[in-house]
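Numbers restart at 1 for each chain; the letters A, B, ... are given by sequence-line order, proteins then strands. Any value given below was found using the heavy atoms of this structure, including those in side chains, with hydrogens, waters and symmetry copies removed.
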Amino acid sequence: MDYDFKSIEKKWQAYWASEKTFKAVTDESKPKFYVLDMFPYPSGAGLHVGHPLGYIASDIFSRYKRLKGFNVLHPMGYDAFGLPAEQYAIQTGQHPEITTTNNINRYRQQLDRIGFSFDWDMEVRTCDSKYYKWTQWAFLKMFDSWYDPSADKARPISELIEKFKTTGYDGITPEKWASATDKEKSDILMNYRIAYQGETAVNWCPQLGTVLANDEVKEGLSVRGGYPVEQKKMTQWQLRVSAYAERLLKGLDTIDWTDSLKEMQRNWIGKSEGTEMVFNTICGDRQMPITIFTTRADTVFGVTFMVLAPESDLVPQLTTPEQKVKVDEYLQYVKKKTERERIAETHTVTGVFSGSYAINPLTGEKVPIWISEYVLAGYGTGAIMAVPAHDSRDYAFAKTFNLPIVPIIEGCDVSQESFDAKEGRMCNSGFLNGLDVKEAIEAAKDYVEAHGLGRRKTNYRLRDAIFSRQRYWGEPFPIYYKDGIPTPIPMDKLPLVLPEITEFKPTEAGEPPLARAKDWTWDGYPLEKSTMPGFAGSSAYYLRYMDPHDDKALVGERENKYWRDVDLYIGGTEHATGHLIYSRFWNKFLYDLGYVCEEEPFKKLINQGMIQGRSNFVYRIVNTNKFVSVGLKDQYQTTEIHVDINLVRNDKLDLEGFKAWRPEFNDAEFILENGEYVCGWAVEKMSKSMFNVVNPDDICDTYGADTLRLYEMFLGPLEQSKPWDTKGIDGVNRFLKRFWRLFDNLSEEKASPEELKVLHKLIGKEQEDIEAFSFNTTISAFMIAVNDLMALKCSKREILEPMVVLLSPFAPHISEELWHMLGHGGSVADASFPEFIPALAAEDVVTYPVQFNGKMRFTVELPKSAPAAEVEAYIREYPQTAKYVGDMKIIKVIVVPGKIVNVVIK
RNA sequence: GCCUUGGUGGUGAAAUGGUAGACACGAGGGACUUAAAAUCCCUUGGACCGAAAGGUCCGUGCGGGUUCGAUUCCCGCCCGAGGCACCA
């Protein structure tokens with residue numbers, strides 16, 4: 001009987017759906033296991049073959065854990081708010097909700113065909129008001145909380161107000177608080193709220209008409225759309241992520257993520273321990289201190305000038321009247337530049353002298369204060385001390401403007417370039433002379449603190465997340481403005497539903513699209529017109545999956561106590577500094593307030609690699625309609641043309657199909673190699689324009705879902721990026737057919753030890769490999785086992801039955817069918833993982849303890865046929881071995897049948 | 001520039017410091033077949049010796065080191081991928 005995957009897959013997918021085979025129920029009697037995929041944004045293009053890679057891996061693991069007796073939560077949903085749907089709406093007038101729903105339906109169809117074991121009853125959609133009610137709820141909780149540095153956690157803002165009223169706090173005395181107006185009180189509290197409104201330099205994208213977060217901008221261009229982004233000061237909602245910088249950093253040590261990903265987050269958080277130091281200044285006849293931040297307090301004797309960021313508040317105060325014209329000119333020049341230009345011109349040095357001087361607090365020396373764009377306003381204090389001898393940026397600046405360069409580490413030649421020394425001996429440095437750099441840093445810090453010149457200070461690069469977007473298709477803020485004071489709407493009135501509008505552009509006045517909504521007010525007061533960014537909805541979705549239908553809480557206490565955190569999270573590395581930081585922050589916040597019971601949301605995280613496209617080319621001879629096979633193309637002058645990969649199989653072109661592809665190729669002629677047209681190829685991004693998109697539906701049509709699943713895993717290690725290449729797909733398909741055929745002559749005979757060994761070797765290997773996420777080698781092991789069984793002509797139930805269970809995580813459809821054929825009712829998902837008997841799996845060797853010299857004891861592994869005497873003889877025969885015998889503890893002799901090949905010493 | 005990765009046949013790739021290249025693709029040869037498809041069997045890192053059985057040498061980016069033994073560990077280079085980048 002043939003392996004008819006089409007009817008098999010249809011049958012079992014319908015069965016799983018109707019029986020709710022993969023339903024996850026909170027059940028304290030069983031151990032839990034939570035497997036999560038990063039939910040997709042449902043784009044109009046549908047799924048390509050790269051998307052399911054991670055889903056297949058997580059599905060295998062889920063099914064495996066289920067067989068191991070775990071209660072598995074494996075949900076799926078959609079990150080459905082977002083820019084593409086809105087942009088499409090602006091162009092076509094089609095409401096984003098309609099396109100989003102259509103796209104979701106298409107995604108669902110495609111996902112279903114692959115045979116995932118998702119519990120669809122747990123589905124969430126971020127654009128569903130029942131879902132975003134809880135996004136808004138979390139926002140209000142953040143609005144209603146402050147970060148208490150003494151407790152190092154978030155607390156209700158009411159506690160802070162109480163402090164203001166009674167004891168006073170942070171410079172706000174009870175008197176001051178009592179006399180403040182409502183507006184002033186609101187302004188004071190904004191400085192403490194976790195979700196707050198504040199003016200800040202933002203990434204403004206004029207083309208998109210919205211602000212963007214730092215992780216949504218790359219090289220001065222928006223990640224979505226690639227439009228230029230400029231810096232602009234605006235009042236925006238923000239999340240005080242920076243308050244959590246240290247905990248976000250420390251938490252990394254407690255979770256099982258890849259080193260590279262942790263490193264990315266560490267860099268993004270950017271902790272740097274240094275010193276804040278005060279320099280006095282002389283500006284005309286006024287004096288004013290400026291504070292700088294440095295990690296190299298030891299280099300203070302090498303300071304020859306100071307630099308301010310152009311945006312620094314100190315600039316106007318320190319500019320002397322004589323320099324004012326020049327400084328203003330420079331500020332204008334800097335302001336005009338876009339972020340992109342600033343980045344592109346990284347190596348051109350610009351700046352202007354302020355006219356003022358600073359006094360080096362250690363030497364009393366007078367050094368000029370300059371203004372330059374190479375100093376950033378947003379980091380440290382926006383002012384630096386420049387040590388040109390030992391910092392390449394300061395060096396370039398000093399060279400350009402002819403400022404002195406004083407080396408303070410012995411033996412540096414600074415005539416050509418700076419010497420960014422991290423070690424060496426100090427010189428020209430007063431009391432630091434003779435010290436090593438590392439000692440000097442500490443000594444300088446101590447000195448500065450002891451003499452009241454500054455203090456130790458830790459800076460983080462991580463900035464607060466800008467949380468408003470001037471867009472329509474997102475969560476509305478549950479905030480209205482009562483007499484200009486931002487006021488939350490009552491919790492029990494959530495959700496605040498996104499209003500209907502018909503045009504999705506910003507208004508002519510430049511207001512966000514929500515300004516077009518009719519009656520966008522609350523109690524007669526205007527509601528906030530911005531919406532929340534994409535990461536709002538994705539920051540707590542893993543919690544909602546635990547209890548998605550609860551309308552009393554984001555997640556019920558019982559459900560949260562049971563499911564706790566995500567045991568395995570699989571997704572792309574592109575979210576390293578976005579979603580994965582925000583989620584951790586969001587979760588820590590909820591943890592502080594006691595709403596969730598784990599501080600870190602994702603225990604283990606695996607980054608699946610990307611699947612790139614493999615494009616094919618044909619070569620047209622210039623000025624003809626003749627195409628030459630790749631091996632012969634160098635004999636002609638040719639143009640390379642992308643050809644639709646659906647017309648190519650194993651790099652051989654389907655000539656008739658090609659002629660029919662496009663009218664201009666109708667009368668194409670070909671120069672063949674060995675009777676075939678061989679195409680060239682290249683690895684490129686999978687995209688429509690390169691005709692290299694592979695739709696999983698097509699693979700399911702030709703080979704079946706199980707082949708697709710096996711093949712994507714067989715392609716190579718999960719974490720690695722790799723091109724999609726259908727070349728090898730026949731191999732796994734053949735394997736499934738072979739496995740199927742073993743059942744043709746199913747026998748009830750008792751299995752031989754040899755046959756049992758094949759099985760148990762496989763069980764051992766499967767277990768080990770799946771736990772290590774090495775799915776490609778698992779499949780290899782399966783192929784070997786099946787080949788072995790074929791060689792043994794074994795079709796015994798005793799062997800095949802457990803093998804069906806073993807295969808079921810990888811190829812669930814065929815497994816279910818065979819399970820059924822073996823006479824079982826129900827689903828193989830209810831079976832349990834076969835028990836492993838190590839004795840049966842062991843290699844065909846015996847271990848002999850061998851006495852040697854009457855003292856030492858060696859373990860020797862040999863085939864049953866090899867006598868121990870042979871080993872002893874070997875050891876005596878080889879002096880190099882004998883020589884080491886004296887200090888060895890164990891010797892392991894590895895033996896190939898009949899022949900000793902190596903001696904292992906430990 | 002900094003950080004993180006990776007570099008093994010024609011291709012995708014395997015190898016707790018212990019027979020490098022498992023498994024699969026492709027290629028070549030063969031069986032079955034009127035033929036094709038499907039299926040099955042053999043060969044397949046390179047160079048050499050041998051009529052054959054079989055054997056020898058070289059081989060995991062390059063150069064060193066540790067080790068009885070290195071794809072694996074250490075040091076220094078080269079190349080690729082990803083991230084960060086005037087962060088003081």
Side-chain angles (χ1 to χ4, degrees), chain A residues 2 218-219 258-268 270-272 274-275 292-297 299 307 309 342-343 345-350 372-376 378-387 390-394 396-397 420 459-463 573-574 576-577 607 609-610 650-651 681 710-711 714-717 719-735 737-738 741 768 774 776-787 790 861 878-885 888 891-897 899-906:
Chain A
D2 279 344
K218 264 205 179 120
E219 292 172 356
T258 59
D259 289 341
S260 66
L261 200 86
K262 285 187 186 183
E263 205 52 35
M264 269 189 234
Q265 291 214 341
R266 284 192 191 106
N267 290 340
W268 191 258
K271 180 177 183 169
S272 96
T275 316
I292 59 96
F293 174 77
T294 179
T295 53
R296 292 293 301 274
T299 59
V307 190
R342 264 176 107 151
I343 289 164
E345 294 165 21
T346 294
H347 299 293
T348 52
V349 178
T350 66
S372 172
E373 57 181 334
Y374 87 87
V375 175
L376 303 176
Y379 183 77
T381 60
I384 61 154
M385 63 178 206
V387 186
H390 304 291
D391 181 288
S392 56
R393 295 153 302 175
D394 296 346
F397 195 84
D420 301 351
N459 261 335
Y460 299 91
R461 204 145 72 201
L462 184 71
R463 309 218 203 135
T573 179
E574 67 271 18
T577 51
N607 290 118
M610 269 209 288
N650 288 342
D651 286 340
W681 61 272
L710 278 173
Y711 186 58
F714 192 61
L715 221 42
E719 292 92 335
Q720 203 167 300
S721 282
K722 53 226 151 190
W724 176 263
D725 183 350
T726 18
K727 257 188 186 168
I729 201 162
D730 291 318
V732 289
N733 191 240
R734 269 173 221 156
F735 156 72
K737 288 185 192 163
R738 270 202 296 271
R741 242 182 292 131
E768 200 176 298
S774 177
N776 53 337
T777 53
T778 318
I779 296 167
S780 294
F782 225 103
M783 289 175 173
I784 294 169
V786 167
N787 287 345
M790 285 178 62
E861 283 186 36
Y878 285 81
Q880 60 173 40
T881 309
K883 198 173 95 196
Y884 288 91
V885 159
M888 287 181 306
I891 292 183
K892 184 171 149 197
V893 181
I894 295 176
V895 183
V896 215
K899 192 178 64 170
I900 299 164
V901 292
N902 212 339
V903 181
V904 182
I905 303 151
K906 286 190 181 167

Closest nucleotide among B/rC40, B/rA22, B/rU39 to the A/R738 side chain
B/rC40
Atom C1', compared across B/rG1 and B/rA20: separation rounded to whole Å
38 Å
Atom CD of A/E719 to atom P of B/rA13: distance rounded to whole Å?
13 Å
Strand partner of B/rA37, provided both Watson-Crick or wobble distances fall under 3.5 Å
none
Pairwise C1' distance for B/rG18 and B/rA27, with rounding to whole Å:
33 Å
For A/Y379, check ring-ring contact (aromatic ring centres under 6.0 Å, His included) against everything at least two apart and list the hits.
none
Whether A/R734 contacts B/rA38 is assessed here as follows: a side-chain N or O lying under 4.0 Å from the phosphate OP1 or OP2. Is that the case?
no
Of A/T577 and A/M783, whose closest RNA chain B nucleotide lies nearer the 5' terminus?
A/M783
Rounded distance in Å between the C1' positions of B/rU8 and B/rC58:
15 Å
Determine whether a donor-acceptor pair (N or O, by modelled atom type, separation under 3.5 Å) exists between the side chain of A/S721 and the backbone of A/G609.
no
Between A/A297 and A/T275 the two heavy atoms that sit nearest each other are CB-OG1, 3.7 Å
Re B/rG63: Watson-Crick or G-U wobble partner, both distances kept under 3.5 Å, found to be B/rC75
Quantified in whole Å, what is the P atom distance between nucleotide B/rG17 and nucleotide B/rC42?
33 Å
Can you tell me if A/Y374 touches the phosphate of B/rA88, counting only side-chain N or O atoms and a distance under 4.0 Å to OP1 or OP2?
no
Round to the nearest Å and state the distance from A/Y711 atom OH to B/rC25 atom P.
10 Å
How would you list, by chain and number, every residue that makes a side chain to side chain donor-acceptor pair (under 3.5 Å) with A/T577, sequence neighbours excluded?
none
Base, sugar-phosphate, or nothing for A/R266, non-hydrogen atoms under 4.0 angstrom?
nothing
How is A/N776 classified with respect to the nucleic acid when contacts are heavy atoms under 4.0 Å: base, sugar-phosphate, or nothing?
sugar-phosphate
Any donor-acceptor pair under 3.5 Å linking the side chain of A/D394 with the backbone of A/V387?
yes
If the P atom of B/rU34 is compared with that of B/rA24, how far apart are they to the nearest Å?
30 Å
With C1' as the reference atom in both, quote the distance from B/rU44 to B/rC23 in angstrom, rounded to an integer.
15 Å
Which of the following nucleotides, B/rA88, B/rG83, B/rC86, is nearest to the side chain of A/M264?
B/rG83
Is the count of non-hydrogen atoms from other residues, nucleotides or ligands lying under 6.0 Å from A/E768 atom CD greater than 12?
no
Which whole-number value in Å describes the distance from A/D394 CG to B/rG1 P?
19 Å
To the nearest Å, how far apart are A/N787 CG and B/rC23 P?
8 Å
Per the O4'-C1'-N9-C4 / O4'-C1'-N1-C2 angle with a 90° window around 0, B/rG9 comes out syn
Ranking B/rA13, B/rU39, B/rA88 by distance to the side chain of A/P717, first place goes to B/rA13
Strand partner of B/rC86, provided both Watson-Crick or wobble distances fall under 3.5 Å:
none
Atom CG of A/N459 and atom P of B/rA88 are separated, to the nearest Å, by 9 Å
Tabulate atom names and distances for all N/O pairs under 3.5 angstrom spanning the protein and nucleotides 2-12 of chain B.
residue: B/rG12; atom: O2'; partner: A/L715; partner atom: O; Å: 2.4

Span that lies between the C1' atom of B/rA14 and that of B/rC25, in whole angstrom:
15 Å
What is the pairing partner of B/rU19, taking Watson-Crick or G-U wobble pairs with both distances under 3.5 Å in any strand?
none
Test ring-ring contact (aromatic ring centres under 6.0 Å, His included) applied to A/W268 - qualifying residues, sequence neighbours left out
none
Considering residues at least two apart in sequence or located in another chain, which fulfil the side-chain contact (heavy atoms from CB on, under 4.5 Å) criterion with A/E263?
A/R266, A/N267
A/Y711 vs A/W724 aromatic rings, parallel, tilted or perpendicular, using cut-offs 30° and 60°?
perpendicular
The answer to which of A/I729 and A/Y460 contacts RNA chain B further toward the 5' end, by nearest nucleotide, is A/I729
Whole-Å distance separating the CG atom of A/D2 from the C1' atom of B/rU39
11 Å
Base paired to B/rA27 (Watson-Crick or G-U; both N/O distances under 3.5 angstrom):
B/rU43
If B/rA81 has a Watson-Crick or G-U wobble mate with both distances under 3.5 Å, name it; if not, just say none.
B/rU4
For atom P, what is the distance between B/rA51 and B/rC62, given to the nearest Å?
35 Å
Residue set satisfying ring-ring contact (aromatic ring centres under 6.0 Å, His included) with A/F714, at least two apart, ordered chain then number -> none
Name the closest nucleotide to the A/M790 side chain, picking from B/rC40, B/rA14, B/rU39.
B/rC40
What integer distance in Å separates A/K737:NZ from B/rA37:C1'?
10 Å
